[in-house]
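Below, chains carry the letters A, B, ... as their sequence lines are ordered, and counting in each starts from 1. Heavy atoms only: backbone and side chains are in, while hydrogens, waters and symmetry mates are out.
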Amino acid sequence: METFQALLANKLSDALAKVGLPKVGELTPATDPRFGDYQTNAALVLGKQRGESPKTLAERILACLDAGDICEPPAVAGAGFVNFTLRTDAVERKAGELLLDERLGVATAESKKRIVIDFGSPNVAKPMHVGHIRSIVLGDALARIASFLGHEVIRDNHIGDWGTQFGMVIWGWKNLLDRQALARDPLAEIVRIYKETNQRATSDPQVREACRQELVKLQAGDRENLDIWNECVAFSMQDFEHVYKLLDIHYDIQCGESFYNDRLPATVDRLLKSGIAEISEGAVCVFFRDIPELTDKPCIIRKRDGGFNYATTDLATVDYRINDLKADAVWYVVGAPQVLHFKQIFEIARREGYTADFRHIPFGSILGEDRKLMKTRSGENVPLRELLEEACSRARKIVEEKNPDLSEAEKIDIGQKIGVAAVKYADLSQYRMTDYAFSWDRMLSLHGNTAPYLQNAYVRIRSIFRKAVATPQWGVEAQTGHRPVATADKLTFTDRSEINLAKRLCQFAENVPQVLNDFRPNILANYLFELANSFHTFYESCPVLKSEEPLRSSRLALCDLSGRVLQRGLDLLGIKVPEKM
RNA sequence: GCGCCCGUAGCUCAGCCGGAUAGAGCAACGGAUUUCUAAUCCGUAGGUCGAGUGUUCGAGUCACUCCGGGCGCGCCA
């Protein structure tokens, strides 16, 4: 099934061919409702190229354009734009088709790729904090969208489980560990000993040296240290899993830094042998003398003391993802401060002959109400787990106020769906590079571009169907599963708000693929907001269950379709919808 | 010093490949409910798109310069 945009674009290029003109310009959604539904600037581009009047060219193109089956006679406007307005009967037909389509009109990608998506990447022995949420939420949404579009996605959690911090954790474990505290809250105790050791190491050179020794022993395979390390990793993973469950995140593989540990020497050797890397001041470096902005910024891949660093690990990771996982593309959902690092890594990969599509997908920071990096009152990172729990309990309180009759279990379930959704949506609805100001009041607000607003649109739809199911003769049949599907042989839209809503529904298929152009889930979020808005407007002006046939069936169909697009769209963002709220 | 990102309404933000008179939401003000959830809808008001120059039929968008904020840059990750 083709979108209106694709259909019109095809008709336009047919017309251009008939007139003997090259295929230029673009056919896009109209920038303003006054200009109809779609517009093309083809005549403007041609006019410039050929030095002819755009308006005359537009008329010539229109004379050969055969689009009467889907739109009103197109009009030339402005400097030479051609505006298209969809015919209502074409929208009615399309809505009918969408009703029967599992994919709601969304086509799969023409070339399907195997994509490794690296996102989340928490550090062992440190709690996950707000700083991790954007990577997790963005990466998960992109993974969901890419899979829906037919790509083979491998979600990889590149856990920081092998850094220098382990020298300190092990020293702290041996010297400061409180076993009882460990039993009560393992991760908190590990964090405590890590912090305390860190403090001591800064002021006491002896402790610092002792930590270094512990790290050397660990890396040499010392049994005792390896056991401690294993235990710490296991405790941290438990904590991560808890958060992932709350957020509904899953990974296909979790190859942390330690996974690549024994591949590091070979990686460096190979780069030295091929001449890509060289020794400078005792360290092994890669220089980028031919790239102006990188000439004075070499990448160290082996330290003077023989140790490896994160660049080495990332290069070994590239090898693994390409050679073993056979990835066509690798997406790194990592914060903006690391753009330079990835520029270097990708350039080295290119020099090694890797042709895969490497993408760094950077994002901005989360700021507190004071516009500075979000921290707790005491200046610490805000633990993600606590943040999510607060979101859920705040949401639960609001549910309590608005809908006190729900059962206790329902309130908890709904509170969780709304709370988690609010946190995710606040992030995803904004352009990823913009630093964003965290605000409970804004994200949990029931007005405006928020998760609860979208969820409410869905809930209103579900409520209609709960009532309608009782009277199946009205054109609603209860199906297996919880969802009754509306059917209507011939849909009829008369009200302005019905037509607007239906057109909006047809645009779902145009918006979803766009997200991957520049990795912007906010395109989908904004679309869903507009859809919810159109639905609410329709809901206000068009009674559904109380209307007469054939309107009633048509409207039920619109409700059904709206509900399915909202549910699917939010699902692609990793957001769940409640049945009631 | 070099490099990257950001600067749009009082506040929070859209505006990806250059398109028509720059859009939402919040807050403010004014309306709408015997109605399928008012957790909503409709309306009003609000702008030299940080400043300037250039490129062109056309610039919030592209190029250059400057201002302001954030971040990154050989042995942390």
Paired nucleotide for [N] [Watson-Crick or G-U wobble; both distances under 3.5 Å]:
| N | value |
| --- | --- |
| B:G1 | B:C73 |
| B:G7 | B:C67 |
| B:C41 | B:G31 |
| B:C16 | none |
| B:U56 | none |
| B:A22 | none |
| B:U61 | none |

Please determine whether any donor N or O and acceptor N or O are separated by less than 3.5 Å between the side chain of [X] and the base of [N].
| X | N | answer |
| --- | --- | --- |
| A:N83 | B:A20 | yes |
| A:K343 | B:C4 | no |
| A:R371 | B:U12 | no |
| A:Q39 | B:A20 | yes |
| A:Q514 | B:C16 | yes |
| A:D435 | B:G70 | no |

Whether [Y] and [X] form a salt bridge (side-chain N of Lys/Arg under 4.0 Å from carboxylate O of Asp/Glu) is what I want to check.
| X | Y | value |
| --- | --- | --- |
| A:E347 | A:R289 | no |
| A:E400 | A:R396 | yes |
| A:R212 | A:E209 | yes |

Under 4.0 Å between any heavy atoms, over every strand shown, what does [X] touch: base, sugar-phosphate, or nothing? Just pick one.
| X | value |
| --- | --- |
| A:H341 | nothing |
| A:A77 | base |
| A:L340 | sugar-phosphate |
| A:E26 | base |
| A:N456 | sugar-phosphate |
| A:F35 | base |
| A:Y436 | sugar-phosphate |

Return no unless some side-chain N or O of [X] is found under 4.0 Å from OP1 or OP2 of [N].
| X | N | result |
| --- | --- | --- |
| A:K372 | B:G70 | no |
| A:S365 | B:G70 | no |
| A:R520 | B:G15 | yes |
| A:T31 | B:G19 | no |
| A:N522 | B:C16 | no |

Rounded to whole angstroms, how far apart are CD1 on A:I145 and P on B:C16?
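Going from A:I145 (CD1) to B:C16 (P), I get 18 Å.
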
In whole angstrom, give me the gap between the C1' atoms of B:C66 and B:G47.
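It works out to 23 Å between them.
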
Write down the distance separating the P atoms in B:G60 and B:A9, rounded off to the nearest Å.
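That atom pair is separated by 15 Å.
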
Which word best sums up how the rings of A:F346 and A:Y332 line up, parallel for under 30°, tilted for 30 to 60°, or perpendicular for over 60°?
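Tilted.
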
Is A:Y453 stacked on the base of B:A39, with ring centres under 5.5 Å apart and planes under 30° apart?
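So no, this residue does not stack on that base, at least one cut-off failing.
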
Output yes if the stacking criterion (under 5.5 Å between centres, under 30° between planes) is met for A:Y431 over the base of B:A14, else no.
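The base of B:A14 is not stacked with A:Y431 (the test needs centres under 5.5 Å and planes under 30°).
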
Can you measure from OG (A:S429) to CG (A:L573) and round to the nearest 0.5 angstrom?
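Separation between the atoms: 9.5 Å.
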
Looking at CG of A:L142 and CZ of A:F519, how far apart are the two atoms once the value is rounded to the nearest 0.5 Å?
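Answer for the CG-CZ pair, A:L142 versus A:F519, is 7.0 Å.
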
I want to confirm an ordering. Mapping A:D296 and A:P543 to their closest nucleotides on RNA chain B, which one lands closer to the 5' end?
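By nearest-heavy-atom nucleotide position, the 5'-most residue is A:D296.
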
With nearest nucleotides of RNA chain B determined for A:Q338 and A:A532 from heavy-atom distances, which residue corresponds to the more 5′ nucleotide?
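Nearer the 5' end of the strand: A:A532.
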
Are the aromatic rings of A:Y310 and A:H158 close, with centres under 6.0 Å apart?
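No - the distance between ring centres of A:Y310 and A:H158 does not fall below the 6.0 Å cut-off.
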
